[in-house]
There are 2 protein chains.
Amino acid sequence: MKRITKISDSAVRRLSHYLRFLDEFEAAGQRTVSSGDLAERGGITSAQVRKDLSHFGSFGKRGTGYPVGALRERIVEILGLGRTWRVAVVGAGKLGAALFQYGGFRRQGFEVVAAFDTDPAKIGRRWGEVVIDDVADLARVVRKRQIEIAIVTTPAEAAQDVADALVAAGIAAILNFAPRKLAVPLEVTLRDVSLTIELESLTFALTHRER
Amino acid sequence: MKRITKISDSAVRRLSHYLRFLDEFEAAGQRTVSSGDLAERGGITSAQVRKDLSHFGSFGKRGTGYPVGALRERIVEILGLGRTWRVAVVGAGKLGAALFQYGGFRRQGFEVVAAFDTDPAKIGRRWGEVVIDDVADLARVVRKRQIEIAIVTTPAEAAQDVADALVAAGIAAILNFAPRKLAVPLEVTLRDVSLTIELESLTFALTHRER
DNA sequence: TCGTGTGAACGAATTCACAGCG
DNA sequence: CGCTGTGAATTCGTTCACACGA
């Protein structure tokens with residue numbers, strides 16, 4: 001197997017897409033897929049698909065394509081999905097609740113084992129099995145439950161403090177929905193999701209469309 | 001003013017970031033910012049900032065930097081935020097509700113003027129001023145209220161049908177939260193936000209960290 | 001002098017195009 | 001023959017480095 005050195009972020013995201021497509025092909029009973037099949041689904045070129053996959057070795061059969069099941073398993077492994085990941089949701093507002101209850105979650109191996117808020121009215125309430133804890137207890141709980149990934153859905157003002165507490169508790173990765181640029185040390189993986197930025201990239205596109 | 005030809009998607013997103021930073025600098029009473037100031041906030045290089053801004057003309061003063069207010073206004077204009085945009089939320093579940101109530105929204109010039117669902121229990125309910133309509137009426141309502149942007153928060157299974165209806169109704173842009181790749185014609189601007197893909201890019205990073 | 005604006009150099013990612021294997 | 005795997009060519013984005021203006 002090839003040594004994984006530097007894979008671009010966009011290539012990794014494409015792997016996630018391929019995974020969805022493979023599920024669909026598998027569900028449809030297809031045993032093999034060509035790079036062209038996957039490319040068509042993803043709206044990209046077949047060369048792109050082959051290049052992406054070739055970074056991780058070669059499992060395609062020339063003249064035939066890739067075996068759906070095996071390729072799927074391989075991508076699951078590459079993405080690190082062959083295990084469950086323990087997740088905390090920090091900020092038990094509407095967005096936190098929406099993400100928590102999202103089913104695809106559990107199915108992909110993400111297990112939300114803690115939720116936090118500062119609102120006394122929310123602390124102690126339950127989301128299914130999970131009791132909402134006080135953010136003040138964050139470090140203790142994160143450590144005790146060996147949580148590796150945190151999803152931050154607090155208001156902007158609280159986000160950096162929460163991030164600091166998470167870092168202090170030894171979190172490995174943060175997925176940040178708060179509209180604020182977070183400062184975290186390099187060893188903590190950070191990803192931002194911003195509704196505002198997505199919308200603004202839409203309005204930019206709409207404003208500067210072909211003329 | 002310079003002709004806007006091809007600006008990379010990442011450059012546009014950085015403009016959104018600069019806008020946030022400028023708000024902060026303005027709130028702090030700072031009258032001018034240098035590319036270095038902005039770069040520091042964004043964790044990028046000053047050359048990147050200057051290059052990004054230079055695509056749209058030059059308003060910096062050498063030796064001084066950029067006037068905060070004027071630059072802010074300019075970026076607002078570039079991103080197409082100098083007007084309000086009429087938005088519909090399709091899918092009145094928890095996620096739709098969370099996005100709807102997000103305040104930063106209105107402040108940035110996005111006005112949610114319609115919400116849709118298929119659930120009879122939800123249709124007719126109100127979100128503030130907005131009455132939840134039946135998805136069956138989508139085309140009519142989108143046209144009548146001159147909605148340009150749709151935020152799709154339906155389950156994956158329903159997303160493509162909704163997208164088709166939106167396209168038929170003449171929507172200009174779709175922000176898709178459903179975990180499904182949508183097919184839309186080229187003239188419709190589409191952007192995907194996927195919790196799953198973000199999480200998987202995190203687990204990839206965690207799995208392949210420095211060794 | 002300081003910091004912008006920008007061509008030139010560089011580096012990264014995508015696409016091309018084809019040899020080679022099933 | 002069909003489709004993979006991959007170097008080579010190309011395109012695209014970022015960084016460098018410096019001339020020039022405030």
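Just the heavy atoms: all of them, side chains too, but no hydrogens, waters or symmetry mates, feed the values below. This one's a predicted model, so the numbers in the text were calculated from it and none came from an experiment. Chain identifiers are assigned alphabetically (A, B, ...) following the order of the sequence lines, protein sequences preceding nucleic acid strands; residue numbering begins at 1 within each chain.
Checking the phosphate oxygens (OP1, OP2) of D:dG5, a side-chain nitrogen or oxygen of A:Tyr66 falls inside 4.0 Å. Of the side-chain N and O atoms in B:Ser10, one or more sit less than 4.0 angstrom from OP1 or OP2 of D:dT14. For B:Thr64 and C:dG3, the shortest distance from a side-chain N or O to OP1 or OP2 is not below 4.0 Å. For C:dA13, the OP1/OP2 oxygens have no side-chain nitrogen or oxygen of A:Gln48 closer than 4.0 Å.
Residue A:Leu71 contributes atom CG, which lies 16 Å from atom P of D:dC3 at whole-angstrom precision. To the nearest angstrom, P of D:dT11 lies 21 Å from CG of B:Asp9.
Side-chain atoms of A:Tyr66 and A:Asp37 include no donor-acceptor pair closer than 3.5 Å. A donor and an acceptor atom, one from each side chain of A:Arg50 and A:Ser46, are located under 3.5 Å apart.
Annotation: side chain of A:Phe21 is not in contact with side chain of A:Val33 (no heavy-atom distance under 4.5 Å). In this structure the side chain of B:Thr196 reaches within 4.5 angstrom of the side chain of A:Tyr102, judged on heavy atoms. Counting heavy atoms from C-beta on, the side chains of A:Ile151 and A:Phe177 come closer than 4.5 Å.
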Give me, pair by pair, the N or O atoms of the protein and of nucleotides 18-20 of chain D that are less than 3.5 Å apart, along with how far apart they are.
| unit_1 | atom_1 | unit_2 | atom_2 | d |
| --- | --- | --- | --- | --- |
| D:dC20 | O2 | B:Arg62 | NH1 | 2.6 |

Contacts table for residues 168-175 of chain B: side-chain donor-acceptor under 3.5 angstrom, sequence neighbours left out:
none

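Two residues, B:Ala47 and A:Ile44, neighbour DNA chain C, and the one matched to the more 5' nucleotide by heavy-atom proximity is B:Ala47. With DNA chain D read from its 5' end, the first of the two nearest nucleotides for B:Gly63 and A:Gly63 is the one closest to A:Gly63.
In the region residues 14-36 of chain B, proximity to DNA chain C at under 4.0 angstrom, judged on heavy atoms, holds for B:Ser34, B:Ser35.
Here A:Asp9 pairs with A:Arg13 in a salt bridge; the nearest charged N to carboxylate O distance falls below 4.0 Å. The residues B:Glu77 and B:Arg83 are annotated as not salt-bridged, no charged nitrogen and carboxylate oxygen being separated by less than 4.0 angstrom. A salt bridge links B:Glu24 with B:Arg41: the distance from a Lys NZ or Arg NE/NH1/NH2 to an Asp or Glu carboxylate oxygen falls below 4.0 Å.
The side chain of B:Ser8 approaches D:dG13 more closely than any other nucleotide in the set C:dG5, D:dG5, D:dG13.
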